[in-house]
Amino acid sequence: MGTLRDLQFALQLKIEELRQRDTLIDELELELDTKDELIRRLQEELDRYRATVSVSGSSAASAGTNQRTKRKTVISEPFTLDPVTLAMVSQRSCDKSQESQRLIQAAFLKNDLLKNLGVGEIRAIISCMYSTSINQGCYVIQEGTNGAQAYVLEEGRLDVKKDRLTLVTIEPGDVFGELALLYNCTHNYSVSGIKVLCFVFVDLRQHNASNSFLRDVGNLKHLLLKCITHLSYTLFSSLHHLYNSGVIIRDNPWKITSVLEFPSSI
Ligand SMILES: Nc1ncnc2c1ncn2[C@@H]1O[C@@H]2COP(=O)(O)O[C@H]2[C@H]1O
C-alpha cells in the first residue's frame with residue numbers, strides 16, 4: 001500500500017496529465033475552427049464558381065440535360081434545402097428561356113441581399129418565378145403597400161420615386177422590391193414605368209398553404225431568411241434604421257465583413 005507521499009505524487013501526475021489533455025483539446029478545437037472556416041470559404045468559392053460556370057455562355061446550356069439536372073440538386077452548406085422540396089420545385093418550374101434564367105441569376109448575384117444564396121437555391125427560386133408585363137404608366141410597386149413580391153426587370157426601364165421625385169432608374173437585370181420583402185415591411189418607394197416585362201418572386205410567407213404549388217415550395221421562405229443572416233447585425237441595424245427613416249440605402253457604402261446569426265425575431 002502506498003504512502004501518503006506516493007499518493008500525492010500520483011495525484012500530481014494525474015493533474016499534469018489532465019492539464020496536458022486540456023491543452024491538447026484547446027489546440028484541436030482551434031484547428032477545428034480553422035478547418036471549419038476553410039470549409040466555409042471553399043464552399044463559397046465553389047458556389048461562386050458554379051454560378052460563373054452556369055452564367056457563362058450557352059455552351060454550358062448545350063452540355064446536356066443530364067448535367068443540368070444534376071447541378072440543380074446541389075445545395076450549399078450549412079443552409080440546406082430539403083432535396084425533395086427542391087426536386088418538386090424544379091419539376092413545377094414556370095418555363096423560362098436559358099437567357100432569362102441567366103438574366104435572373106446575374107441579377108441575384110449582383111444584389112447585396114441575395115448574392116449569398118447558394119447556386120442551387122437561386123435556381124430553386126428562379127424556377128418559381130413567373131413572368132408578367134406592366135402596361136403603360138403603371139405602378140409596379142406603390143409606396144406604403146406591403147412587400148409581398150420582389151421582381152427582376154427583364155425589359156424596359158422603371159423609376160424609383162419618393163414623393164413623386166425620381167431617385168434612381170431600374171435597368172434590365174436589376175432586382176427590385178426586395179427590401180420590403182426581406183425586411184418584412186411596407187415599400188418606402190414607388191416603382192413605375194412604361195411597358196416593362198418583369199419576373200416576379202412571390203413572398204411565400206404571405207400565402208396560405210391552400211395553394212398546392214405554394215405549399216410545395218413553402219420551404220423556400222427559409223431562403224429569404226438566409227439572405228438576411230448573411231448581413232452582420234450591426235450592418236442590418238444601420239440599414240434597417242435608414243430604411244425605415246426613408247433614406248436610400250440600396251447603393252450603400254458598407255461592406256459585409258462578417259456573418260452573424262440573427263435574433264429569431266427578425
Ligand atoms: N437607390 C435605391 N434606394 C432604395 N430603393 C431602391 C434603390 N434603387 C432601387 N431600389 C428599389 O426600389 C424598391 C422599392 O421597393 P422596396 O423598398 O421593397 O425595394 C426597393 C429597391 O428594390
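Both ligands and their constituent atoms are indexed starting at 1 by order of listing.
Between Glu143 and Ser190 the shortest heavy-atom distance is N-OG, 2.9 Å.
At least one N/O-N/O distance between Glu178 and ligand 1 falls below 3.5 Å.
Atoms of ligand 1 found under 4.0 Å from any heavy atom of Val160, numbered from 1 in the order shown, are 9 (C), 10 (N), 12 (O).
Without hydrogens or angle criteria, Lys14 side chain to Phe9 main chain gives no donor-acceptor distance under 3.5 Å. Asp174 places a side-chain N or O within 3.5 Å of a backbone atom of Glu171 that can act as its donor or acceptor partner.
The heavy atom nearest to atom 20 (C) of ligand 1, out of those in Val168, Leu179, Asp159, is found in Leu179.
For the pair Tyr151 and Val191, the minimum side-chain heavy-atom distance is 4.5 Å or more.
Using a 4.0 Å heavy-atom cutoff, Leu167 is absent from the residues neighbouring ligand 1.
For Arg164, the salt bridge (charged side-chain N to carboxylate O under 4.0 Å, His left out) criterion is met by no residue, not counting sequence neighbours.
Residue contacts with ligand 1, taken as heavy atom pairs separated by less than 4.0 Å, do not involve Asp174 at all.
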